[in-house]
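By convention in this document, chain letters (A, B, ...) are assigned in the order of the sequence lines, proteins followed by strands, and residues within each chain are numbered from 1.
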Amino acid sequence: GAVVSQHPSRVICKSGTSVKIECRSLDFQATTMFWYRQFPKQSLMLMATSNEGSKATYEQGVEKDKFLINHASLTLSTLTVTSAHPEDSSFYICSARDHRRDPTGELFFGEGSRLTVL
Amino acid sequence: SQKIEQNSEALNIQEGKTATLTCNYTNYSPAYLQWYRQDPGRGPVFLLLIRENEKEKRKERLKVTFDTTLKQSLFHITASQPADSATYLCALDHSSASKIIFGSGTRLSIRP
């Protein structure tokens with residue numbers, strides 16, 4: 001199956017700093033990437049949807065200036081948590097699909113990035 | 001309001017039995033529904049997709065049903081094994097398949 005690589009898997013940062021998480025599709029072109037956030041024992045909450053070359057569409061309640069998403073190429077999307085605070089500590093997961101190949105198909109997920117803000 | 005609910009937060013069954021997980025949705029009209037498995041600290045892994053015009057889909061020991069009248073999907077694991085222990089998530093498309101929304105998940109434990 002298709003592979004999505006997410007990096008870093010764990011990051012610890014100080015409050016007020018910014019953290020960048022990368023999501024790469026290794027063997028397919030990700031026309032659409034989704035960023036989710038997951039708190040312990042809770043489900044995945046969609047944060048934003050990004051299409052290659054266009055601005056991300058954010059879900060209600062997600063601050064676009066705080067969670068910067070860039071999808072500059074068909075294989076890479078980045079999520080930057082700006083001025084991170086302890087309440088931003090969470091498990092962030094990206095997923096991707098090739099809409100042109102299979103518009104209703106499965107999502108391929110990265111392994112997730114656990115962010116801890118001190 | 002729109003909701004996706006999975007019947008129980010946790011389910012504990014004996015090895016060899018069939019595990020049945022439920023996913024109910026409200027105020028959605030999905031064209032398809034998916035099931036994923038998630039292990040602790042890992043990203044979800046796709047298991048099965050069923051479309052609105054399909055009643056049932058099977059894959060090895062897995063079976064999924066989709067009833068658009070009841071707005072419900074059932075996920076079955078037959079001959080369950082301890083290795084099947086994980087959290088199972090249902091997901092459906094929303095807004096013309098532009099995004100995928102997940103249910104709350106059911107944590108399944110299979111005891112030997």
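Side chains of A/Thr32 and A/Asn51: a donor on one and an acceptor on the other come within 3.5 Å.
Taking 4.5 Å as the heavy-atom cut-off, the residues of residues 109-118 of chain A that approach chain B are A/Phe109, A/Gly110, A/Glu111, ordered by number. Using a 4.5 Å heavy-atom cut-off against chain B, the contacting residues of residues 78-94 of chain A are A/Phe91, A/Ile93.
For the salt bridge (Lys or Arg N to Asp or Glu O under 4.0 Å) test, no residue two or more places apart in sequence or in another chain qualifies with A/Lys55. Residues satisfying the salt bridge (Lys or Arg N to Asp or Glu O under 4.0 Å) test with B/Arg37, not counting sequence neighbours, are B/Asp39.
A salt bridge between B/Lys17 and B/Glu15 is absent, with no side-chain N of the basic residue lying under 4.0 Å from a carboxylate O of the acidic one.
The closest side-chain heavy-atom distance from B/Gln72 to B/Leu74 is below 4.5 Å.
Under a cut-off of 6.0 angstrom, the local environment of NZ in A/Lys20 is sparse, with at most 12 non-hydrogen atoms contributed by other residues, nucleotides or ligands. The local environment of CZ in A/Arg10 is sparse, with at most 12 non-hydrogen atoms from other residues, nucleotides or ligands closer than 6.0 Å.
B/Phe75 and B/Tyr32 fall within a single hydrophobic cluster, where Ile, Leu, Val, Met, Phe, Trp and Tyr are joined by side-chain heavy atoms under 4.5 Å apart, directly or via other members.
In this structure, B/Phe102 has its ring center under 6.0 Å from that of B/Tyr36.
Interface remark: A/Leu46 contributes side-chain atoms only to the contact with chain B (heavy atom separation under 4.5 Å). Neither the backbone nor the side chain of B/Gln6 comes within contact range of chain A; no heavy atom of the residue lies under 4.5 Å from a heavy atom of that chain. With a threshold of 4.5 angstrom between heavy atoms, A/Glu59 approaches chain B through side-chain atoms but not through N, CA, C or O.
Looking only at heavy-atom pairs under 4.5 Å with chain A, the residue among B/Gly105, B/Pro44, B/Ala91, B/Ser104 that has the most is B/Pro44.
The main-chain N or O of B/Pro112 is found under 3.5 Å from a side-chain atom of B/Gln14 such that the two form a donor-acceptor pair. A/Tyr58 contributes a side-chain N or O that, together with a main-chain N or O of A/Phe67, makes up a donor-acceptor pair within less than 3.5 Å.
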